[in-house]
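Proteins get letters first, then strands, A, B, ... in listed order; numbering begins at 1 in each. Bear in mind that the values here come from a model prediction, so they are computed numbers and not experimental data.
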There are 2 protein chains.
Amino acid sequence: MATTTRTTTPRERYRAQIRAEIKQHAWQQIATAGASALSLNAIAKQMGMSGPALYRYYLNRDELITELIRDAYRSLADAFRAASAASGSGTGLGALAHALRHWALADPQRYFLIYGTPVPGYHAPDDTTAIADEIMTALLDACPAAPADASVSPFEAHLAEHRTWAADHPAAPATLRRALAFWTRLHGVLSLELAGHFTGMGFDVGRLFAAELQDLLAAAGSPPGRG
Amino acid sequence: MATTTRTTTPRERYRAQIRAEIKQHAWQQIATAGASALSLNAIAKQMGMSGPALYRYYLNRDELITELIRDAYRSLADAFRAASAASGSGTGLGALAHALRHWALADPQRYFLIYGTPVPGYHAPDDTTAIADEIMTALLDACPAAPADASVSPFEAHLAEHRTWAADHPAAPATLRRALAFWTRLHGVLSLELAGHFTGMGFDVGRLFAAELQDLLAAAGSPPGRG
DNA sequence: ATGTTCCAGTTAGAAGCTATCACGGAAGCT
DNA sequence: AGCTTCCGTGATAGCTTCTAACTGGAACAT
């Protein structure tokens, strides 16, 4: 019983290291062949052990992918947090947008792990939604406060009455609407870009992204149309 | 060799029917379990034959999925064409948006087959890009003509110089930009909605979609900010 | 009506995957 | 040292895609 208060035993440290190594190989595989092609067997071979050994570290393939999704969320939240910290509060929307695009382009398959095609049966664990809330909070914080005399559009009124999300955040309805627009519009451009739907069209997607961002920032003074 | 000019032999008709039946089962499977879970074996069993029999009709799994993608594109293009025909030219953006959302909600996995996570190795066949062009043309046709005195934003100027896409279409740069915004913004909302990223947030996604559409239509008079 | 050709569908089998089980041995704890 | 815990192995079941060889019957030709 001596030193039962040890925070990490050697075995725990070894386990954590192997788990991390497994994830590392998994990321590499996902980046090159996509998440659906992830093979525990192949990972085991790359690590020099036999297939069933991995089941000591992950219950099954789904648990590994779930952890990868969790890590991806965590990584995006960290990138947002860093971008927020680097820029002043209330003026960091551009910084957030840039961080998002940089993060997405760095590893498209990681982006799709979060925002890509969902598997019908799969349900994300609760803590990922907590991280998603964190991301949304960073986004709401970065939105400039709406002018007090701004008129409230019908959709903003609807949002004001249905804000179970962001219930803790003291954001005006116009801010909620802007945050949603930021999310959906930039995701729209990014997702199509990463999926290659703009390839061969000739124009610079980065400029489209920037233009959409400019639209979002320009609307800071005057809230979106009748939305 | 007699009657080689016969348009369809009985055998060809039989083949076409079986191929259609296979696709029908494939769609059903995709709708319930996603494209990655599509199993030729399961389809064969549902049709009362053994697995390898399907290889008489499709070279491999990829060819079947490719044909499903082709059909999905075709279906979306037809939906667009119908929506365009039902509304006046130059005023049908709202009709197109409604058709798009209806089409997407009818079978989310079909939508993801086109706009979802891409498989890194996979390359869509050339004719799908032809259908994609058809879709884009319908979209450009539906966009109202920009006022002649409208100023040209920097991004619109860039588009004017890089329009290898839509080279055949007599659309003004502002129209190209609007079509892109229509595509990316509505896809942004739809894709997040279908993936379930709004579930639990409390508000009505249909209203968000409508609000984004209103923004796009309101900008018909005054082109998007500095984009 | 009688070949002849062609083709759909079968079974068998290779190679791959996930996942479970029982075993041997090494590492850590007392 | 002795005991326990747990890692990694090989064997196995069941699934998948896909190939190969074979059979039976339909369509076609004479």
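- With distances taken from any side-chain atom of A:S39 to the nucleotides D:dT9, C:dT18, D:dC18, the minimum falls on C:dT18.
- Checking D:dC7, D:dA21, D:dT9 against the side-chain heavy atoms of A:P52 singles out D:dT9 as nearest.
- Following rounding to the nearest Å, B:L64 (CG) and D:dT16 (P) show an atom-to-atom distance of 15 Å.
- Counting heavy-atom neighbours within 6.0 Å of A:Q24 CD, excluding the residue itself, gives a total of 12 or less.
- Among the atoms of the strands shown, base atoms are found under 4.0 Å from some heavy atom of A:R56.
- Taking the six-membered ring for Trp and thresholds of 30 and 60 degrees, B:H187 and B:Y111 have nearly parallel ring planes, at less than 30 degrees apart.
- For A:H25, the NE2 atom counts as densely surrounded, since its 6.0 Å shell holds more than 12 non-hydrogen atoms of other residues, nucleotides or ligands.
- Picking from D:dC18, C:dC29, C:dT18 the nucleotide with the shortest atom distance to the side chain of B:L40 gives D:dC18.
- When the nucleotides D:dG8, D:dA26, C:dT18 are ranked by their closest atom to the side chain of B:R11, D:dA26 comes out on top.
- Closest to the A:A42 side chain, of the nucleotides C:dG9, C:dC17, C:dT18, is C:dC17.
- Atom NZ of A:K45 and atom P of C:dA15 are 12 Å apart (whole Å).
- In this structure, B:N41 places its CG atom 12 Å from P of C:dT11, rounding to the nearest Å.
- At a threshold of 4.0 angstrom between heavy atoms, the contacts of B:S50 include nucleobase atoms, whether or not backbone atoms are also involved.
- Atom CG of A:L54 and atom P of C:dT20 are 13 Å apart (whole Å).
- Spacing between atom CZ of B:R19 and atom P of C:dG9 amounts to 13 Å, rounded to whole angstrom units.
- Put simply, the side chain of B:P120 does not reach to within 4.5 Å of the side chain of A:T32, judged on heavy atoms.
- Using a 4.0 Å heavy-atom criterion, one finds that A:N60 contacts the sugar-phosphate atoms exclusively.
- Atom CE in B:M49 sits roughly 10 Å away from atom P in C:dA8 (whole-Å rounding).
- Rounded to an integer number of Å, the gap from CG of B:L59 to P of D:dT17 is 15 Å.
- Note on B:Y57: only backbone sugar-phosphate atoms sit closer than 4.0 angstrom, heavy atoms only; bases stay farther off.
- Note on ring orientation: taking the six-membered ring where Trp is involved, the planes of A:F155 and B:F203 are perpendicular (angle over 60°, cut-offs 30° and 60°).
- Counting to the nearest Å, the P atom of D:dG8 and the CZ atom of A:R15 are 9 Å from each other.
- Side-chain N/O atoms of B:Y55 include none lying less than 4.0 angstrom from OP1 or OP2 on C:dT10.
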